[in-house]
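For reference, the structure discussed in these notes is given below.
Nothing here was measured: the structure is a model prediction, and the numbers come from that model.
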Amino acid sequence: MTQTLRAGVVGAGVFGGYHAKKYAELEGVTLVGVFDIDLTRAQALAEPLGAQGFDDMDAFLAAVDVVTVATPAVHHAKAALKALKAGKPVYSEKPLAVTPEDADRMVAAAAKAGVPLACGHQERVVFQAMGLLDIPEQPLRLEAVRRGVPSDRNLDVSVVLDLMIHDIDLALAICEAQPMTVDGEGAITRSSSLDWVKVEAMFENGFIAVFDSSRVAEARERTMKVAYPSGEVEIDFLARTFRNTTPFPLIENFTETPAGKDPLGLSVAGFLAAVRGEAPRPVVTGEEASRALDLALAVEQAVEG
């Protein structure tokens with residue numbers, strides 16, 4: 001597939017804006033439409049970018065070749081399934097869905113249609129840029145801290161599905177074993193679902209992953225430490241500091257690489273490459289995103305009891 005792809009975005013909110021602008025910037029693809037149940041919002045995003053606003057999903061799908069779903073998470077599955085059943089490749093923002101049943105339906109629909117299903121766990125691009133996905137040892141322990149200050153965004157899901165799921169995906173990307181047990185604590189403080197959570201997940205091979213996420217913190221914090229048999233890698237993503245005591249060369253100035261500067265752009269470009277057949281798969285597949293969702297929901301269940 002070498003022709004210019006016609007792209008459409010479902011959802012005219014903040015994340016829909018990010019994706020629409022990315023399609024407008026990338027080569028080999030043209031943003032042609034934005035769908036939203038509020039036509040005025042769809043037009044306000046689409047028209048400055050030379051695209052059309054839609055509030056008719058069937059008309060929108062007829063106008064596009066590929067679809068990004070950037071609605072609130074609780075609506076990902078409905079929009080993605082409609083697009084997949086129409087034979088359109090789909091890039092869904094994370095989380096892939098909010099129930100395992102919906103995630104399974106999305107994966108099955110993509111397989112039936114023979115089209116890629118990608119998920120926006122774009123920090124996988126950053127891990128690849130660092131070289132962490134190429135370390136030839138299985139990790140012993142991961143400690144991830146991801147804290148944000150209060151915001152009114154993404155309150156339709158818990159902090160686990162909003163923030164922690166990024167680190168869950170990264171843990172699953174570097175560990176070959178399956179998670180066995182999850183134990184931890186959390187609380188609802190300002191929304192209708194968990195606002196802070198700290199848990200420990202034990203994997204079949206003895207790997208331990210500690211996830212600490214909050215959306216009600218006093219200050220932003222984003223760190224990760226990974227211990228291997230040969231040493232440790234420690235990263236402060238906000239301070240942009242990096243410590244590596246393993247013998248494996250890593251890219252410490254990853255924030256200055258194309259992937260470090262624009263992980264969303266490389267993630268979307270990877271999806272388009274998979275659609276064209278230029279790459280065997282997107283950066284994060286639907287199956288991988290479904291696995292991350294399963295562990296995230298196990299975290300919620302362990303904390304809520």
Side-chain angles (χ1 to χ4, degrees), residues 1 3-13 15-24 26 28-37 42 45-46 51 54 56-122 124-125 161 165 169 264-293:
M1 185 179 293
Q3 78 270 22
T4 298
L5 293 169
R6 301 171 302 161
V9 175
V10 178
F15 280 90
Y18 293 153
H19 284 276
K21 290 170 185 174
K22 200 57 61 180
Y23 280 133
L26 290 171
V29 62
T30 300
L31 177 73
V32 299
V34 175
F35 170 88
D36 198 281
I37 56 173
L45 174 56
F54 291 85
D56 181 318
M57 189 66 158
D58 291 330
F60 166 78
L61 290 174
V64 304
D65 301 313
V66 297
V67 174
T68 282
V69 175
T71 62
V74 294
H75 302 304
H76 285 180
K78 181 179 179 181
L81 285 168
K82 181 88 171 176
L84 290 167
K85 289 175 181 178
K88 310 297 180 178
V90 168
Y91 181 114
S92 171
E93 257 301 338
K94 60 80 197 168
L96 185 67
V98 296
T99 70
E101 294 81 12
D102 277 343
D104 289 345
R105 279 193 279 269
M106 290 166 68
V107 170
K112 183 176 181 179
V115 297
L117 171 61
C119 189
H121 289 288
Q122 63 191 30
R124 188 87 74 87
V125 174
L161 293 183
I165 198 165
D169 173 69
L264 175 60
L266 266 75
S267 179
V268 173
F271 165 61
L272 296 174
V275 171
R276 295 189 185 99
E278 299 166 356
R281 48 160 287 165
V283 175
V284 178
T285 67
E287 291 87 348
E288 290 169 333
S290 180
R291 187 177 173 219
L293 176 65

I would like to know whether Arg6 and Asp65 meet side chain to side chain contact (heavy atoms under 4.5 Å, CB included); could you show each step before the answer? CA-CA 5 Å; Arg6 301 171 302 161; Asp65 301 313; 2.9 Å; yes
From [atom1] ([X]) to [atom2] ([Y]), nearest 0.5 Å:
X: Leu45; Y: Lys21; atom1: CG; atom2: NZ; value: 7.0 Å
X: Tyr18; Y: Leu264; atom1: OH; atom2: CG; value: 9.5 Å
X: Glu288; Y: Leu117; atom1: CD; atom2: CG; value: 11.0 Å
X: His76; Y: Thr71; atom1: NE2; atom2: OG1; value: 4.0 Å
X: Thr68; Y: Phe35; atom1: OG1; atom2: CZ; value: 15.0 Å

Would you check, one step at a time, whether the test side chain to side chain contact (heavy atoms under 4.5 Å, CB included) holds for Val67 with Leu61? CA-CA 8 Å; Val67 174; Leu61 290 174; 3.9 Å; yes
Check: Leu266 and Val283 side chains under 4.5 Å, non-hydrogen atoms: no
Carefully, step by step, assess Val10 and Phe60 under the rule side chain to side chain contact (heavy atoms under 4.5 Å, CB included). CA-CA 9 Å; Val10 178; Phe60 166 78; 3.6 Å; yes
Please output the side-chain donor-acceptor pairs of residues 267-275 that fall under 3.5 Å, not counting sequence neighbours, one pair per line with the distance.
residue: Ser267; atom: OG; partner: Tyr91; partner atom: OH; Å: 2.8

If you take all heavy atoms of [X] and [Y], which pair is closest and at what distance?
X: Pro95; Y: Ser92; result: O-OG, 4.2 Å
X: Lys88; Y: Val64; result: NZ-O, 2.8 Å
X: Ala42; Y: Val34; result: CB-O, 3.5 Å
X: Ala80; Y: Met106; result: CB-CE, 3.5 Å

With the threshold set at 4.0 Å, does a side-chain nitrogen-carboxylate oxygen contact exist between Lys78 and Asp102? no
Glu93 side chain to His19 side chain, donor-acceptor N/O pair below 3.5 angstrom: yes
Derivation and outcome, side chain to side chain contact (heavy atoms under 4.5 Å, CB included), residues Arg276 and Leu5: CA-CA 9 Å; Arg276 295 189 185 99; Leu5 293 169; 3.9 Å; yes
Only counting residues at least two apart or in another chain, list the ones meeting side-chain contact (heavy atoms from CB on, under 4.5 Å) with Ala103. Leu96, Ala97, Ser290, Leu293
Apply side-chain contact (heavy atoms from CB on, under 4.5 Å) to Ala113 and list each qualifying residue two or more places apart in sequence or on a separate chain. Val115
Steps toward salt bridge (Lys or Arg N to Asp or Glu O under 4.0 Å) verdict (Arg281, Glu287): CA-CA 11 Å; Arg281 48 160 287 165; Glu287 291 87 348; over 6 Å; no
Testing His121, Arg291, Arg124 one by one against Asp169 for a side chain to side chain donor-acceptor pair (under 3.5 Å), which residue passes? Arg124
